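Some notes on the structure that comes next.
It should be emphasised that the depicted structure is a prediction, and the values quoted were computed from it without experimental measurement.
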Amino acid sequence: MKQTILAIAGRPGLYKLLTRGKNSLIVESLDAAHKRQPTFANDRITSLGDIAMFTNGDDVPLTKVLENLKTLESGKKSSLNIKTANGDQLREYFSKVLPDFDRDRVHTSDIKKLIQWYNILIENGITDFVDEKPAEEKPAEEKAAEEAPAVEEAPVAEEAPVAEEKPAEKKEAEAPKKKPAEKKEAPKEAEAPKKKTSKK
């Protein structure tokens with residue numbers, strides 16, 4: 001879940017990673033439509049496994065916070081209505097999920113988004129928030145995906161020497177041009193007989 005569930009800046013809700021293309025990712029929205037769409041390098045994409053919440057101590061991974069919320073709600077959707085809850089109600093509710101959260105850096109909008117994401121995941125049957133086994137396998141796949149472009153770029157680097165060899169061939173072609181210049185000296189020897197005739 002950590003690496004395959006994504007948040008995309010400027011787009012509401014969450015998205016599930018389906019496949020990887022050469023220059024894009026194909027994702028599916030986790031809503032009623034389940035619309036598939038591409039995302040590109042200029043899209044700000046963040047996996048839930050890369051997000052953490054501020055606390056008064058060390059930051060806590062978002063997946064752990066979601067697990068705490070699942071425990072609080074016994075695996076059901078949040079009992080708090082984020083559409084009608086005010087700031088104080090959101091903070092009081094979140095203090096049950098993450099008691100040590102940083103009150104200055106964690107805003108009510110962050111709490112509201114977290115609860116919204118949690119509800120989306122529960123509705124889609126995604127509840128293994130802290131499963132570590134997939135997390136170890138998926139980064140290996142990502143490393144392989146990152147190495148792939150490097151292999152594709154290698155032929156480009158090999159083409160450069162080919163372009164440099166072409167001027168070298170032109171220099172070799174210029175060498176024969178100097179040889180005709182040496183042949184021009186031959187006619188000078190033909191003038192020698194003319195001097196002998198003058199002595200007679």
Side-chain angles (χ1 to χ4, degrees), residues 1-78 80 82 90-91 93-150:
M1 192 283 291
K2 291 182 180 181
Q3 303 297 331
T4 58
I5 304 302
L6 311 173
I8 304 174
R11 302 187 193 183
L14 293 173
Y15 298 82
K16 182 179 180 180
L17 175 62
L18 297 179
T19 58
R20 299 174 185 272
K22 291 182 179 179
N23 301 313
S24 65
L25 301 176
I26 305 301
V27 300
E28 180 180 87
S29 60
L30 294 180
D31 56 14
H34 290 285
K35 183 179 178 181
R36 297 186 179 187
Q37 53 192 291
T39 59
F40 303 95
N42 58 345
D43 293 318
R44 289 189 299 165
I45 304 170
T46 308
S47 67
L48 296 195
D50 296 331
I51 302 175
M53 299 291 290
F54 294 118
T55 70
N56 295 323
D58 295 333
D59 296 345
V60 177
L62 182 67
T63 51
K64 176 61 177 175
V65 180
L66 291 170
E67 185 68 21
N68 292 350
L69 185 49
K70 182 181 75 171
T71 302
L72 176 66
E73 297 292 357
S74 301
K76 298 179 182 179
K77 292 176 62 177
S78 173
L80 182 69
I82 59 175
L90 286 166
R91 289 188 183 88
Y93 176 83
F94 194 60
S95 64
K96 299 175 184 177
V97 179
L98 191 64
D100 198 29
F101 80 93
D102 191 321
R103 268 70 175 173
D104 295 327
R105 293 190 290 176
V106 177
H107 306 291
T108 54
S109 60
D110 300 325
I111 299 172
K112 194 175 287 188
K113 181 177 289 186
L114 169 70
I115 298 172
Q116 181 188 23
W117 286 355
Y118 169 79
N119 289 337
I120 290 172
L121 294 170
I122 294 298
E123 288 174 355
N124 285 271
I126 301 171
T127 59
D128 296 331
F129 302 131
V130 292
D131 187 4
E132 296 180 357
K133 291 182 180 180
E136 293 176 357
E137 295 174 1
K138 285 168 186 174
E141 294 174 0
E142 289 181 356
K143 289 179 182 179
E146 290 175 359
E147 291 174 0

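- We find the CD1-CD1 distance between I115 and I82 to be 6.5 Å, quoted to the nearest 0.5 Å.
- The shortest distance between side-chain heavy atoms of S95 and R103 falls below 4.5 Å.
- No side-chain heavy atom of F129 sits under 4.5 Å from any side-chain heavy atom of N68.
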Derivation and outcome, side chain to side chain contact (heavy atoms under 4.5 Å, CB included), residues L30 and I126: CA-CA 10 Å; L30 294 180; I126 301 171; 4.0 Å; yes
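- Considering all non-hydrogen atoms of both residues, D100 and G57 come closest at OD2-N, 3.7 Å.
- In this structure D31 satisfies the side-chain contact (heavy atoms from CB on, under 4.5 Å) test together with S29, A33, sequence neighbours excluded.
- Separating the OG1 atom in T46 from the CD1 atom in I5 is a distance of 13.5 Å, to the nearest 0.5 Å.
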N124/K16 under side chain to side chain contact (heavy atoms under 4.5 Å, CB included): CA gap, chis, key distance, verdict: CA-CA 11 Å; N124 285 271; K16 182 179 180 180; over 6 Å; no
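- In this structure, CD in E67 is found 8.5 Å from CG in D128, a value given to the nearest 0.5 Å.
- Look at K76 and E73 and you find no salt bridge, because none of the NZ, NE, NH1 or NH2 atoms lies under 4.0 Å from a carboxylate O.
- Two residues are said to be in side-chain contact when any heavy atoms from C-beta on lie closer than 4.5 Å; D102 and N56 meet this criterion.
- For the pair F54 and D104, the minimum side-chain heavy-atom distance is 4.5 Å or more.
- No donor-acceptor distance shorter than 3.5 angstrom exists from the side chain of N119 to the backbone of Q116, with no hydrogens or angles considered.
- Looking only at atom types and distance, the side chain of T39 has no donor-acceptor partner in the side chain of Y15 under 3.5 Å away.
- Between L114 atom CG and K112 atom NZ the span is 13.0 Å, to the nearest 0.5 Å.
- Formation of a donor-acceptor pair under 3.5 Å by the K77 side chain with backbone atoms of I122 is not found in this model.
- Between A7 and L14 the shortest heavy-atom distance is CB-CD2, 4.2 Å.
- Closest of all the heavy-atom pairs between I120 and G13 is CD1-CA, 3.8 Å.
- In this structure, the separation between CG on L90 and OG1 on T108 is 6.5 Å, given to the nearest 0.5 Å.
- Atoms OG1 and CD, on T19 and E28 in that order, are 11.0 Å from each other to the nearest 0.5 Å.
- The closest side-chain heavy-atom distance from L121 to L48 is below 4.5 Å.
- Taking every heavy atom of both residues into account, V65 and V97 meet most closely at O-CG1, 3.6 Å.
- The ring-ring contact (aromatic ring centres under 6.0 Å, His included) pairs that include a residue from residues 99-118 are F94-F101, where partners are two or more places apart or lie in different chains.
- The two residues D110 and R105 have their closest heavy-atom pair at OD2-O, 3.8 Å.
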